[in-house]
> 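Structure in structure tokens, see below.
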Protein chains: 2
Amino acid sequence: MTQEQEKVSKEQLILEAAEYEFFTKGFAGARTTTIAKRAGVTHAMLHYYYRTKEQLFERVVEKNAATIGQAMLAAMGNPAKPIIERLRDGISAHFDLIVAHPMLPRFFLNEIGAYPERYNLLTDHLGATANKLFTELQDEADAATERGEIEQVDVRMLFISMLSLNIFPFIVYPLGQNIMTDMMGDKEHFLERRKAENIELIMRRIKKQ
Amino acid sequence: MTQEQEKVSKEQLILEAAEYEFFTKGFAGARTTTIAKRAGVTHAMLHYYYRTKEQLFERVVEKNAATIGQAMLAAMGNPAKPIIERLRDGISAHFDLIVAHPMLPRFFLNEIGAYPERYNLLTDHLGATANKLFTELQDEADAATERGEIEQVDVRMLFISMLSLNIFPFIVYPLGQNIMTDMMGDKEHFLERRKAENIELIMRRIKKQ
DNA sequence: CTTTGCATTAACAAAATTGTTAAATAAAAT
DNA sequence: ATTTTATTTAACAATTTTGTTAATGCAAAG
């Protein structure tokens, strides 16, 4: 009878509680006792399964690092499509991925900002794959410029703009909610509008005029 | 002879060291002993002048809260100028203020994200002044739209776009440096380009087409 | 010059937080 | 059934971090 119910192991519960705690408070602000309490276990259990706070943190980072790469990849769009569609779809897909993981950006940006050395492996790996995609995308953009389809653009600059527009609303949300309550009150609706706005901004940026 | 040299009191040195520590590590990650060491005093001195870590933190927040408001105000531009110039100047002035205080955005956004209740006073105050300016600016934008000068826009949406574009590069810098070393290596030059890019994006967004 | 008040230090205390261990319990394998 | 292995608990230990205090030094005011 316990076979059906007890699908989630305590080990799993701890990891999930840790994720929430680390995402909201960061490594320094997280408390292992709070994590244990949230998971509904004694804090000795936490150490039994993960030994140290550091190792538990590493597990959380590992579990989510792939999503960052996935988001970046998605942002590059589908190479088969024409550049304009490709960019539009890239922005959209990237935005949707953040909606699915809204706490990730603030967490990673802040932890990397506070302890950059810790993340050299992650950022190096990210940089390698990104730069390949950048040169490929730049070639395609240049070709489109030659054909008179779009303005001449630096795709890396465009990429930064896209990241800024897509990520920032999620970082500023707690603050924004207090300032623009009416606009940001209905989160679903706000995000929908925001996504459209971001696409509009980038489309207008590359539009030939 | 000590009159000329000892211009900076230890109290001041502690506050400055605290600022750096809190800005880089956040409240939770900051260590009062590290602050004292950086200031070149014993950690008892820190408690002598500021009693607790919390109070020291509050002093740092107080000292910098005004800058946030100042930046927001600057972003609204000069009401005397026509709307297009007003927006252009607003973005530029806002960007320059962040250049002068590059660690502020990440600090405040993260602390507010982690402990929102703590900042209700600050955000309420910010919200009050901002909303007045928003309605005033929206009226002006609507008038310009009537005259066929610009597209119809929601100035609050435009404001979020502007904040995103101006602030995000400073938050992502530690990560970006590792990924786009060539582009972001020369910080001065990168920021100059980035500022121009942000203005271009917003100008194109409002341009009648 | 001496008294008063502020600045400074060193040593100590308290609390919070992480981590350990040995014993108890439950589950699984033989 | 019994042995073995994994899980769980409670109590404890170590460390880190914040905060206090009492004694000392020092500079300015009277």
Side-chain angles (χ1 to χ4, degrees), chain A residues 1-63 107 110-111 114-115 117-118, chain B residues 1-63 107 110-111 114-115 117-118:
Chain A
M1 48 174 74
T2 49
Q3 276 175 323
E4 304 259 329
Q5 301 168 322
E6 229 229 278
K7 212 70 207 166
V8 276
S9 65
K10 307 222 162 172
E11 187 173 357
Q12 185 63 19
L13 283 175
I14 293 168
L15 193 67
E16 278 162 23
E19 201 168 81
Y20 181 83
E21 176 84 352
F22 284 131
F23 281 4
T24 49
K25 311 273 180 64
F27 178 80
R31 300 287 155 236
T32 54
T33 52
T34 307
I35 293 171
K37 219 171 278 170
R38 174 174 286 269
V41 303
T42 63
H43 85 281
M45 287 298 299
L46 184 149
H47 292 289
Y48 172 71
Y49 282 117
Y50 299 97
R51 290 207 62 81
T52 68
K53 182 184 177 183
E54 285 250 2
Q55 282 184 47
L56 177 55
F57 182 76
E58 276 165 31
R59 290 288 297 271
V60 170
V61 168
E62 275 169 33
K63 190 188 162 195
F107 171 69
N110 207 60
E111 289 296 323
Y115 314 94
E117 337 73 41
R118 243 185 179 167
Chain B
M1 53 176 72
T2 49
Q3 277 174 324
E4 305 258 331
Q5 301 168 325
E6 228 229 277
K7 211 72 209 164
V8 276
S9 65
K10 306 221 164 173
E11 188 173 357
Q12 185 63 20
L13 283 174
I14 293 168
L15 193 68
E16 280 162 23
E19 201 167 79
Y20 181 82
E21 177 82 353
F22 284 132
F23 281 5
T24 48
K25 311 272 181 65
F27 178 80
R31 296 289 108 103
T32 53
T33 51
T34 307
I35 293 171
K37 220 171 278 169
R38 173 174 287 269
V41 303
T42 63
H43 85 281
M45 287 299 299
L46 184 148
H47 292 289
Y48 174 70
Y49 282 117
Y50 299 96
R51 292 207 58 83
T52 69
K53 182 184 177 183
E54 285 248 2
Q55 283 184 47
L56 178 55
F57 182 75
E58 276 166 30
R59 289 288 299 271
V60 170
V61 168
E62 275 170 31
K63 190 188 161 195
F107 171 70
N110 206 59
E111 289 297 322
Y115 314 94
E117 336 75 40
R118 245 184 178 167

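Here is how names work: the chains are called A, B, and so on, in the same order as the sequence lines, proteins then strands, and each is numbered from 1. What you see below is based on every heavy atom in this structure, not just the backbone, and it leaves out hydrogens, waters and symmetry mates.
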> Residues of residues 45-62 of chain A with any non-hydrogen atom less than 4.0 angstrom from an atom of DNA chain C: list those, numerically ordered, please.
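A:H47, A:R51, A:T52, A:K53 - these, ordered by number, are the residues of the stretch whose heavy atoms sit under 4.0 Å from the strand.
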> Strictly below 4.0 Å: does A:T32 bring a side-chain N or O up to OP1 or OP2 of C:dT18?
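Yes.
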> My understanding is that only residues two or more places apart in sequence, or in another chain, count here; which of them pass ring-ring contact (aromatic ring centres under 6.0 Å, His included) with B:Y49?
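Result, ring-ring contact (aromatic ring centres under 6.0 Å, His included) vs B:Y49: none returned.
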> Measure the distance from CZ on A:R31 to P on D:dT16 and round it to the nearest whole Å.
15 Å
> So does A:T42 get a side-chain nitrogen or oxygen closer than 4.0 Å to the phosphate oxygens (OP1/OP2) of D:dT8?
no
> Whole angstrom is fine here: how far is it from NE2 in A:H43 over to P in D:dA13?
14 Å
> Does the pair A:E58/A:K53 count as a salt bridge with the N-to-O cut at 4.0 Å?
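Result for this pair is no, no salt bridge flagged.
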> Just how far, in rounded Å, is C1' of D:dT9 from NZ of A:K37?
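Atom-to-atom, A:K37 to D:dT9, this comes out as 16 Å.
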> Taking side chain to side chain donor-acceptor pair (under 3.5 Å) as the definition, give me every residue that meets it alongside B:K37, ordered by chain and number, with sequence neighbours left out.
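Checked B:K37 against side chain to side chain donor-acceptor pair (under 3.5 Å); zero matches.
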> Which heavy atom of B:R59 sits nearest a heavy atom of B:L15, and at what distance?
CB-CD1, 3.9 Å
> Strictly below 4.0 Å, N to O, side chains only: are A:K63 and A:E16 in salt-bridge contact?
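Looking at A:E16 together with A:K63, the answer is no, because their closest N to O distance does not fall below 4.0 Å.
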> Using whole Å, what does the distance between atom C1' of nucleotide D:dG25 and atom NZ of B:K10 come to?
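Whole-Å distance recorded here is 12 Å.
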> To the nearest angstrom, how far is A:E21 atom CD from C:dT18 atom P?
9 Å
> Remember a base hit wins even if backbone is also touched, and classify A:A30 as base, sugar-phosphate or nothing at under 4.0 Å, heavy atoms.
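Contact class for A:A30: sugar-phosphate only.
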> Relative to each other, are the rings of B:F107 and B:F23 parallel, tilted or perpendicular (30° and 60° limits)?
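B:F107 vs B:F23 ring planes: tilted.
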> Using atom CZ of A:F27 as one end and atom P of D:dT16 as the other, report the distance to the nearest whole Å.
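Atom-to-atom, A:F27 to D:dT16, this comes out as 14 Å.
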